[in-house]
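Counting convention: from 1, in listed order, for ligands and their atoms alike. Position 1 is the first residue of the sequence; numbering continues from there.
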Amino acid sequence: MPAAFSNRLVERLKTARRVVVLTGAGVSAESGVPTFRDKDGLWDKFSPAELANFDAFMKNPELVWEWYHWRQTVIKDVRPNPGHVALAELEAWLTRKDHSFYLVTQNVDGLHRRAGSKCILELHGNILRNKCSVCNFKTDAIDLQLSEKLPTCPDCGKLLRPDVVWFGEMLPEFELGRAMEVASACDVCLSVGTSAVVYPAAFVPVNARNAGAYVAEINPEPSAISHTVDEVILGKSGEVLPHLVTAVTKAS
Ligand code: OAD
């Protein structure tokens with residue numbers, strides 16, 4: 001049995017005109033994508049200082065590319081799970097009623113889009129895209145063959161890098177601005193599969209709650225913001241979300 005959610009949450013979602021969901025690595029865990037901070041998570045085995053910042057990339061681009069290429073390969077081989085699919089269904093149901101839905105994600109794996117979600121704000125970029133480390137060139141068309149030399153920009157010749165946000169870098173301006181705007185104006189916010197320790201992403205449920213929204217968290221463990229939300233549903237997103245979305249969409 002998946003963990004229980006309240007009738008209050010179901011009623012709130014049924015009547016909500018604006019819903020915002022923040023997702024983190026946990027929503028993709030059941031697809032086989034490793035999280036960052038769980039036991040055996042990526043930051044347990046690898047060092048962000050060596051792999052996820054610009055200076056590390058300039059110092060040792062081979063090592064950084066090797067790690068991202070491995071992660072790109074993992075992600076290309078996995079599929080969206082029932083949690084991703086349920087969020088796409090919730091969006092479709094709300095959109096049919098002309099209500100708004102925003103999926104703000106910290107994930108770079110593109111699984112929400114593959115599951116059918118449309119209104120997505122990717123706060124930390126997308127690992128399947130690459131961009132130039134110097135100029136504005138971006139592409140999702142280059143399939144990297146790292147046995148050959150490191151990929152370079154067709155426009156300026158400098159190194160290409162994954163189009164993800166590294167430590168110390170700014171989040172994409174449009175996505176961040178829009179995420180904060182919709183969080184502060186929503187009726188219901190779900191925080192799903194995130195430890196909620198990384199800001200500004202964690203401001204999404206925090207701002208939503210401060211602005212009066214009903215905020216529920218779905219996570220097998222309490223997160224850094226559990227004590228601030230209206231409802232904590234202790235469970236896996238791939239199990240809880242399909243039941244929750246069915247309860248909201250099928251009975252009305
Ligand atoms: P974390 O690894 O910090 O947290 C993952 C969360 O998912 C934990 O709270 C787990 O309890 C929860 N979890 C695990 N399995 C789950 C499941 N089946 N269903 C639901 N929840 C589950 O990942 P994030 O919060 O996404 O940033 O981390 C935020 C950012 O920190 C990432 O985007 C990344 C990282 O450094 C960058 O790379 C910029």
J.: Is the closest heavy-atom distance from W166 to ligand 1 below 4.0 Å?
T.: no

J.: Report the nearest protein non-hydrogen atom to atom 32 (C) of ligand 1: residue, atom name, distance rounded to 0.1 Å.
T.: F36 CE1, 3.6 Å

J.: Of all the atoms in ligand 1, which lie at a distance below 4.0 Å from a heavy atom belonging to V165?
T.: 39 (C)

J.: What atoms of ligand 1 come closer than 4.0 angstrom to any heavy atom of W43?
T.: 35 (C), 36 (O)

J.: Could you report the tightest heavy-atom contact between R79 and S31, atom names first, then the distance?
T.: O-OG, 2.7 Å

J.: For atom 3 (O) of ligand 1, tell me which residue out of P222, G238, S195 has the closest non-hydrogen atom.
T.: S195

J.: Which residue and non-hydrogen atom of the protein lie closest to atom 6 (C) of ligand 1, and at what distance in Å?
T.: G193 O, 3.4 Å

J.: Which option out of A202, S237, A29, P220 puts a heavy atom nearest to atom 22 (C) of ligand 1?
T.: P220

J.: May I ask you to decide whether E11 forms a salt bridge with R8, counting only side-chain N to carboxylate O separations under 4.0 Å?
T.: no

J.: Side chain, backbone, both or neither: which part of R37 has a heavy atom under 4.0 Å from ligand 1?
T.: both

J.: In the protein, which heavy atom is nearest to atom 25 (O) of ligand 1, and how far is it?
T.: T194 OG1, 2.7 Å

J.: What do you reckon, does N107 have a nitrogen or oxygen under 3.5 Å from a nitrogen or oxygen of ligand 1?
T.: no

J.: May I ask you to identify the nearest protein heavy atom to atom 23 (O) of ligand 1, giving residue, atom name and distance to one decimal place in Å?
T.: A25 CB, 3.5 Å

J.: Would you tell me whether T249 and E89 have side-chain atoms, one donor and one acceptor, within less than 3.5 Å of each other?
T.: no

J.: Is ligand 1 under 4.0 Å from a heavy atom in the side chain of V198, in the backbone, in both, or in neither?
T.: side chain

J.: May I ask you to decide if G41's main-chain N or O and D38's side chain share a donor-acceptor pair within less than 3.5 Å?
T.: no

J.: Among protein heavy atoms, which lies nearest atom 10 (C) of ligand 1, and at what distance?
T.: D38 OD1, 3.3 Å

J.: Between E231 and F5, is there a donor-acceptor pair closer than 3.5 Å when you use the side chain of the first and the backbone of the second?
T.: no

J.: Where on H124 is there a heavy atom closer than 4.0 Å to ligand 1, on the side chain, on the backbone, on both, or on neither?
T.: side chain

J.: Please state which protein non-hydrogen atom is closest to atom 13 (N) of ligand 1 and give its distance, to 0.1 Å?
T.: G26 CA, 3.6 Å

J.: Indicate yes or no: does E221 engage K39 in a salt bridge with an N to O separation below 4.0 Å.
T.: no

J.: When you measure from the side chain of R114 to the backbone of P80, do you find a donor-acceptor pair of N or O atoms at a distance under 3.5 Å?
T.: no

J.: Give the residue, atom name and distance (to 0.1 Å) of the protein heavy atom nearest atom 18 (N) of ligand 1.
T.: E30 OE2, 2.8 Å

J.: Please give me the minimum heavy-atom distance between L9 and V188, naming the atom from each residue.
T.: CD1-CG1, 4.3 Å

J.: Is the ring pair F57/W166 parallel, tilted or perpendicular, if the boundaries are 30 and 60 degrees?
T.: tilted

J.: Do any N or O atoms from the side chain of E169 and from the backbone of F54 form a donor-acceptor pair under 3.5 angstrom?
T.: no

J.: Return the orientation label for the W70 and W67 ring planes: parallel under 30°, perpendicular over 60°, tilted otherwise.
T.: tilted

J.: Tell me which protein heavy atom sits closest to atom 12 (C) of ligand 1, plus the residue, atom name and distance to 0.1 Å.
T.: N219 OD1, 3.3 Å

